[in-house]
4 protein chains.
Amino acid sequence: MVAVPRPVDPERHAARRRQIIDAGLTVFAARGYAGATTALICRTAGIGSGTFFHYFPTKADLLVAILELGTTETRDFFSAQDGRSDSAQVLLDYVRHAAANLEDERAAGFVNAVAGQTSTAAVAAALEAEDRAVRDGLYVWVERAQHDGSVRTDLPVSQLVAWIILVLDGFASQVAARAEFRATRETPMLLEQVQRLLDSGPDG
Amino acid sequence: MVAVPRPVDPERHAARRRQIIDAGLTVFAARGYAGATTALICRTAGIGSGTFFHYFPTKADLLVAILELGTTETRDFFSAQDGRSDSAQVLLDYVRHAAANLEDERAAGFVNAVAGQTSTAAVAAALEAEDRAVRDGLYVWVERAQHDGSVRTDLPVSQLVAWIILVLDGFASQVAARAEFRATRETPMLLEQVQRLLDSGPDG
Amino acid sequence: MVAVPRPVDPERHAARRRQIIDAGLTVFAARGYAGATTALICRTAGIGSGTFFHYFPTKADLLVAILELGTTETRDFFSAQDGRSDSAQVLLDYVRHAAANLEDERAAGFVNAVAGQTSTAAVAAALEAEDRAVRDGLYVWVERAQHDGSVRTDLPVSQLVAWIILVLDGFASQVAARAEFRATRETPMLLEQVQRLLDSGPDG
Amino acid sequence: MVAVPRPVDPERHAARRRQIIDAGLTVFAARGYAGATTALICRTAGIGSGTFFHYFPTKADLLVAILELGTTETRDFFSAQDGRSDSAQVLLDYVRHAAANLEDERAAGFVNAVAGQTSTAAVAAALEAEDRAVRDGLYVWVERAQHDGSVRTDLPVSQLVAWIILVLDGFASQVAARAEFRATRETPMLLEQVQRLLDSGPDG
DNA sequence: AATGAATGAGGATTCATTCAT
DNA sequence: AATGAATGAATCCTCATTCAT
C-alpha cells in the first residue's frame, strides 16, 4: 500500500530543459557568455532563478548543454552520410546543412559570442568536443574526395578541413553581425565559394 | 604663491596611454570584454587602478580607444593607396595587410572576443565605425576593379566586399582558435582564396 | 623622477583588520558561523561589503584569522612559561589565563559557536591547530608535574590534559549560555575544581 | 457521495515523525543548525521535501521537536526518582544517565551544534525549557543532599547545579570533538569528578 | 600624476517553503 | 499522504568606479 508518487514526468522535464536551453541560446547570442546574466536568462525563459538551478547546476552547465546539442547534431549529420560514395557532395551537403542551422539568427550570434570563451574547464572541453566533431566529420570525406579525385590534392586534408571551417565561421560572423547578410540568400554564394576552395584550379 | 600646475607632459601621457591600450588588447583578447576585469588590465599594464581611470573614464572607453586605433589604421591604409590604378592588387594588398596585423595573435583574439559586444552605445558606435572604415575602403576599390574588368562583375560591389570581409573574419577566427593555424603560414592560401573569390570563374 | 606612491600604511591596514576581526568575533559568537552573514559583520564593523573582501578573501578566512589569533595567543602564553619549575602552578596559571580570556563574553560564545564548524578545509585545519596548541602546551607541564609529584600519576598525561580542557570548555559553555554565570566570579571555583581534578585524592 | 477523509493512521504518522527526527538529529549534529539543509535532512530520512513540511511546518519546528524529546526524557528521568532518599546517589545516577545518552555520538554533536542557536523565538524557548528541566531536576536533589549532609554545603544550591551541568557540557564537548574520547570509557572518570565536585573537601 | 583603499550595485547560487498532482 | 518541481528572498562574492593622500 505504498503511495504511488507522481512518476517523474520525463516529457515535462525535457520540455522545461528545452525551454531554458532556448532562452540560453537567445541570451548568450545577444550578450556573450559573461554578459548573459542568469537573471536575464530566467526572465527570457519565464522561470524563477530557483528553477534554472534546478535544471542546470551552474550557468556554465547550460552553455555546455547547448554546445553538446550542437555536437550531437553534427555527429548525427555525419552518421547519416555513412555509405555515400559522392564524397564531394557530402562536403557541400554539410556546408548547406551548417548554413541552414544559421537561419536561426541566434545560432550565428551564439557561435561568435561563445567561441573561445573557455571560462571553465567543462566549457573548454565542450567547445573542444564540438570542434572535434566537425573536424573529424569533415576529415573523412575530404580524404575520400581526394582519393576519388573530386577535390584538389595539392593540400593536406587537415588544411582543407580548416579552410572549410574558416569559411563557415566567417559566414556565421557575417550573419551575426549584419542584418542584411541573410543566411538563406547567401547560401548559394557560400556553396560556390566552398566549391572554388576545393577545386583543383585551372592548372590543377 | 600660485601653484603652477605641472604642465602635462604629452609624451609621457601618450606613452602611458599606449601601455594601457596594449594591456587592454592582451586582456580583452584573452578573456573577452566582460571577462576582462579592470583589475587584470591594471596588473597587466603594471599600474594601479586609479591610474587606469585617470586615462580612461570607463572600461568601455578603453575598448573604444582600441577600436579607434584600428579604424585609424584602416583609414590610413586606404589613404595611402590613393592614386593607384591596379585596383585588384590594392584589394589583395589590403588582405595581406590585414593578415599581417593578425600576426600579433592578440589582434585575432581581440577581433573575435569583441565582435558584437555592443555593451555600450559608445562601443557599438566604435564597432560600427571600424566596420564602416573597412567596408568603405574596400568598396571603392572593388568598384574600380569591376570597372576595369579585373574582378567578376556578376555580383554587386557590396556583396563582394562582404565576402572579402567574411574570409578575413574567418581567417581571424582560425588564428584565434587554433594554435597550429599561423597567420604567416596561411597567408598565401588566404590570398589564393580571395583571388578565387574575385575571379570571374571559368565561364565568366 | 618616479612618483612616490603613498606607501601602504601598515598601521592603517592592521587597524582595519582588527576592526573586522573584532566585528567577526562579535557576530560569530552571537549567531554561529553559518548564521553570521557577511552583511551583518560589515554592518557591525561599519564598513562596506567590498572592504570586507578587500581584507579577507572569504568569510572562512576571517574565521581562520580569528582562530589563528587564539592559537598564537596560546603559544605565546606557553612560551612565556619556559624555564619555570613549579609545573602545577603553570597549569593553574593557564587555567586562570584561559578564564580571563573568557571575560570578553564574546570569546565564550565564539568558542561554542564555532567548535566543530568544519565548514571548510581551512577552517578545520585552523580549529585543529588551535586545539593542538592547547593540548601540546598543557601536555608538557602535566608531564613535568607528574614527574615532580605535584599532580596525580594514576592517569595518563593525555587524559589529564583532556580533562583540563573539558572543564575549560564546560566553563566557556556556561559563560556563553547563562548571563548570571560570570567568568570573573566563577574563576575561584574553576581553579578549585581543576585542583581537585589534579589532586591525588585522599588515598593517593 | 461525501468523501470520507482517510482517518490518519496515528502509528504510521508517529513512525514517520520519528524517522524525520532521527535524520534531523544526525544532520544537525554533523552540520549545526544553519548548516543542516532541509534537503539533506530529507535525503537522510529518505523522504521528499514535501513530506518533511507535511510533518514539520518549518525547519525550526523540527529542532524544537528534538529538543522537546530531550526535555521530556529529562523530566521522565527525574519523575522516576521520586521517593528516593539517597539524594547524592540520585545526582550520580543522573550524571551516569546523561553520559549514557551521549553514547549515541550524535547526541553529543547535537548538543554542541545547537547550543545557543537561538535562531527563532520558538527554538530559544525550547532550549530554555530543556535547560530548565535539567536545572530544576538537579536543584531538588542537590538541596536534599545538602540537607542530609551528603554534599558540600559551603556553596549555594544553584552554583552546584551549574557546575554539574558545566562538567556534563564539557564532557559532551569532548565526546563530540575527539573521536578517541569515548563516552563509555570516560564515564568512571566523569563520576569521580562529579563526586570530587560535590565533596566537602579535606577540611569540610 | 599615481596610488590603492573603500564602496555598493549586481551577479551566481542556495535553500526554506509552497503547491499541484 | 507523499512527492518534487517551482519559487524568490537571502547569501557570498566580484568588480567598475571614486577619492583622499
Side-chain angles (χ1 to χ4, degrees), chain A residues 1-9 12-13 16 34-42 46-60 62, chain B residues 5-9 12-13 16 34-42 46-62, chain C residues 1-9 12-13 16 34-42 46-60, chain D residues 5-9 12-13 16 34-42 47-62:
Chain A
M1 220 182 70
V2 172
V4 178
R6 170 174 35 129
V8 181
D9 180 342
R12 198 175 170 69
H13 190 268
R16 260 278 197 267
T37 68
T38 55
L40 184 50
I41 295 171
C42 291
I47 58 169
S49 63
T51 305
F52 179 95
F53 289 98
H54 191 63
Y55 284 85
F56 297 95
T58 70
K59 189 172 89 162
L62 171 58
Chain B
R6 179 167 24 143
V8 180
D9 175 344
R12 200 174 168 66
H13 190 268
R16 263 279 198 266
T37 67
T38 56
L40 183 50
I41 295 170
C42 291
I47 59 169
S49 63
T51 307
F52 179 94
F53 288 96
H54 191 68
Y55 284 84
F56 298 95
T58 72
K59 189 172 90 161
D61 286 304
L62 170 59
Chain C
M1 220 184 69
V2 173
V4 177
R6 169 176 33 130
V8 181
D9 180 342
R12 198 175 170 68
H13 190 268
R16 261 279 197 264
T37 67
T38 55
L40 184 50
I41 296 171
C42 291
I47 59 170
S49 63
T51 306
F52 179 94
F53 290 98
H54 191 63
Y55 284 85
F56 298 94
T58 71
K59 190 173 89 162
Chain D
R6 177 166 27 141
V8 180
D9 176 343
R12 200 175 166 65
H13 190 267
R16 263 277 197 265
T37 67
T38 55
L40 184 49
I41 296 170
C42 291
I47 59 169
S49 64
T51 307
F52 178 95
F53 288 96
H54 190 69
Y55 284 85
F56 298 95
T58 72
K59 188 171 90 162
D61 286 303
L62 171 60

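So you know, we letter chains A, B, ... as the sequences are listed, proteins then strands, and number each from 1. Not measured: the values here are computed from a predicted model.
In this structure, CZ in D/Phe52 is found 5.0 Å from CD1 in D/Ile41, a value given to the nearest 0.5 Å. For the atom pair CD1 of A/Ile47 and NE2 of A/His54, the computed distance is 10.5 Å after rounding to the nearest 0.5 Å.
Within the 4.0 angstrom heavy-atom criterion, only backbone atoms of the sugar-phosphate kind lie near B/Ala36; the bases stay farther away. Residue C/Gly48 is in sugar-phosphate contact alone, with no base atom involved, counting any heavy-atom pair closer than 4.0 Å across all strands shown. As judged by a 4.0 angstrom heavy-atom cut-off over every strand, A/Ala60 is placed among residues making no nucleic acid contact.
The 5' end of DNA chain E is approached more closely, in terms of each residue's nearest nucleotide, by A/Ala39 than by the other of A/Ala39 and D/Ala39. Both B/Pro57 and C/Ala34 lie close to DNA chain F; mapped to their nearest nucleotides by heavy-atom distance, the more 5′-ward contact belongs to C/Ala34.
Closest approach of A/Gly48 and A/Cys42 over heavy atoms only: O-SG, 3.9 Å. Across all non-hydrogen atoms, the minimal contact from B/Ala34 to A/Ala34 is CB-CB, 3.2 Å. The two residues A/Phe53 and A/Thr58 have their closest heavy-atom pair at CE2-CA, 4.1 Å.
As a whole-Å value, the separation of D/Phe52 CZ from E/dC19 P is 17 Å. D/Phe53 has its CZ atom 15 Å from the P atom of F/dA2, to the nearest Å. With rounding to whole Å, C/Phe56 atom CZ is found 18 Å from F/dT14 atom C1'. As a whole-Å value, the separation of A/Arg12 CZ from E/dC19 C1' is 12 Å. If you measure from atom NE2 of C/His13 to atom P of F/dT21, you get 18 Å, rounded to the nearest angstrom. Look at CD1 on B/Ile47: it is 12 Å from C1' on E/dA1, rounded to the nearest Å. In this entry the distance linking CG of B/Leu40 with C1' of F/dA16 reads 14 Å, nearest Å. In this entry the distance linking NZ of B/Lys59 with P of E/dA9 reads 19 Å, nearest Å.
Within the 4.5 Å cutoff, the side chain of A/Leu62 has no heavy atoms near those of the A/Tyr55 side chain. The shortest distance between side-chain heavy atoms of C/Arg16 and C/Thr51 falls below 4.5 Å.
Among the nucleotides F/dA16, F/dT3, E/dA12, the one closest to any side-chain atom of A/Thr38 is E/dA12. Set against E/dA2, F/dT7, F/dC13, the side chain of A/Arg16 has F/dT7 as its closest nucleotide. For C/Tyr55, whose side chain is taken as the heavy atoms from C-beta onward, the closest listed nucleotide among E/dA6, F/dC13, E/dT13 is E/dA6. You'll find that the side chain of C/His54 is closest to E/dG4, out of E/dG4, F/dA5, E/dT13.
Between B/Thr51 and E/dT3 there is a side-chain polar atom (N or O) within less than 4.0 angstrom of OP1 or OP2.
Every stem involving DNA chain E, taken as at least 3 paired positions in a row under the Watson-Crick or G-U wobble test at 3.5 Å, is listed here: E:2-21 with F:2-21.
Counting distance only, with no hydrogens placed and no angle test, the side-chain atoms of D/Thr37 and the base atoms of E/dA16 include no donor-acceptor pair under 3.5 Å. Within 3.5 Å, a donor on the side chain of A/Ser49 pairs with an acceptor on the base of F/dA9, or the reverse.
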